[in-house]
Amino acid sequence: MKKVFHAAFLYCFILMSIAPELMHAELLVKPAVGYGTPDQQTLSPGWYYGGQAGCSSDSPLGQNGLFSLAASLNALWWGSAGSYSASGQGSAELSLGQGTAVYRAGIYGAFTDDRLSSANPSGNVRLRLSDTINNPNISFQLSADILAAFGEPYDMGYSTELSASFLWGEVVIKPLVQVSVATFEQSLVSWSFGPELGLAWYPAFPVSLDLLFIYQEDLKTAVNTLQFLTELVLQPLPRLGFSLSHGAQWRNWQYTGDAAGEVRINLISTGSFQNWFFVSGSVGYDSGSVGVSDWKVTTGLGFQL
């Protein structure tokens with residue numbers, strides 16, 4: 001993933017330098033320092049350092065094509081534990097068509113290395129093909145995925161999903177149905193089916209609210225999972241913004257969850273550069289004897305070109 005990450009940055013810088021009028025590119029850097037613990041059971045609270053960096057670009061291909069490239073890296077060094085956790089993502093996507101029909105093909109990669117836990121490094125590479133039919137107030141999308149993974153209970157995954165988006169005033173309703181199969185060394189590991197329902201509210205004033213309900217039933221292991229995700233973003237003043245999020249998951253009547261919030265103060269904002277200060281906090285919990293499983297308080301600066 002490091003090679004993908006560095007190549008994405010080089011690609012963005014080259015295109016930003018030689019053809020700014022033909023494409024759109026962004027570079028994001030967020031150094032941070034914080035205090036907390038990633039695991040309340042085995043580690044005591046301590047300071048950590050790190051942050052995130054990312055790059056994305058969109059390059060037009062003719063009149064009806066677009067090539068998009070993105071990469072990001074998140075890393076934290078925990079001083080009290082003398083160890084680190086890191087994750088990276090990268091993607092390349094090609095879209096053809098405009099207006100009513102849009103066809104997309106993309107390859108996506110992800111990697112996680114958490115030295116604070118006993119888990120081995122894990123990652124995956126996913127190929128996705130999709131077809132989107134757009135109309136003024138409704139759109140439909142059919143997609144298929146093939147995934148190869150390592151460090152997971154499965155090494156191959158296959159899924160297909162049908163989704164739609166309905167615009168109703170200031171609300172967007174997004175239902176989805178997905179069927180997925182996972183295998184390990186050509187043996188079936190899981191076979192799951194599940195619907196999703198997303199709701200997004202974008203009123204005239206600067207507030208957005210997103211809700212997502214996910215139900216999944218594994219027909220092989222008889223494990224049922226229900227997830228509920230919500231995010232609220234508010235910007236009452238040009239230089240001041242807030243965000244709140246919460247996620248909960250129920251699996252066979254046992255639940256885990258996490259909540260997070262962030263305050264953002266914009267320092268510099270021009271047409272091509274943004275700089276802001278942020279303070280964020282998060283807490284994780286479960287229904288067992290652990291209670292609060294982890295918590296963090298982070299502060300830092302953000303830079304975007």
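The analysis underlying the following values was restricted to heavy atoms, covering all of them including side chains, and did not include hydrogens, waters or symmetry mates.
- Leu147 and Tyr108 are members of different hydrophobic clusters when ILVMFWY side chains are connected at heavy-atom separations under 4.5 Å.
- In summary, the aromatic rings of Tyr48 and Trp78 are positioned with their centroids under 6.0 Å apart.
- For Gln274 and Gln304, the side-chain atoms include no donor-acceptor pair closer than 3.5 Å.
- Between Ser192 and Ser180, the side chains place a donor N or O and an acceptor N or O closer than 3.5 Å (distance only, hydrogens not considered).
- In this structure, the side chain of Arg264 does not engage the main chain of Phe277 through any donor-acceptor pair within 3.5 Å.
- In terms of modelled atom types and a separation under 3.5 Å, the side chain of Ser165 and the main chain of Ile173 share no donor-acceptor contact.
- A donor-acceptor contact closer than 3.5 angstrom links the side chains of Gln141 and Thr132.
- Rounded to the nearest 0.5 Å, atoms CH2 (Trp295) and OG (Ser282) are 10.0 Å apart.
- Asn135 contributes no side-chain N or O that, together with a main-chain N or O of Asn137, makes up a donor-acceptor pair within less than 3.5 Å.
- Clustering ILVMFWY residues whenever any of their side-chain heavy atoms sit less than 4.5 angstrom apart, transitively, puts Leu66 in a cluster other than the one holding Ile107.
- The list of salt bridge (Lys or Arg N to Asp or Glu O under 4.0 Å) pairs with a residue in residues 141-159, not counting sequence neighbours, reads Arg126-Asp145, Arg128-Asp145.
- Contact detail for Lys174 and Asp210: the closest heavy-atom pair is NZ-OD1, 4.3 Å.
- Asp114 and Tyr84 form no side-chain donor-acceptor contact under 3.5 Å, judged by distance and modelled atom types alone.
- For Phe228 and Phe213, the ring centers sit closer than 6.0 Å to each other.
- Checked by atom type, the side-chain pair Asp58/Ser68 shows a donor-acceptor distance below 3.5 Å.
- A donor-acceptor distance shorter than 3.5 angstrom exists from the side chain of Asn275 to the backbone of Gly302, with no hydrogens or angles considered.
- Applying the side chain to side chain contact (heavy atoms under 4.5 Å, CB included) criterion to Gln235, with sequence neighbours excluded, gives Pro206, Asn266.
- The closest side-chain donor-acceptor pair between Ser243 and Glu262, if any, does not fall under 3.5 angstrom.
- Residues Tyr215 and Gln227 bring no donor and acceptor atom of their side chains to less than 3.5 Å of each other.
- Judged by distance alone, the side chain of Thr160 and the main-chain N or O of Ser143 form a donor-acceptor pair under 3.5 Å.
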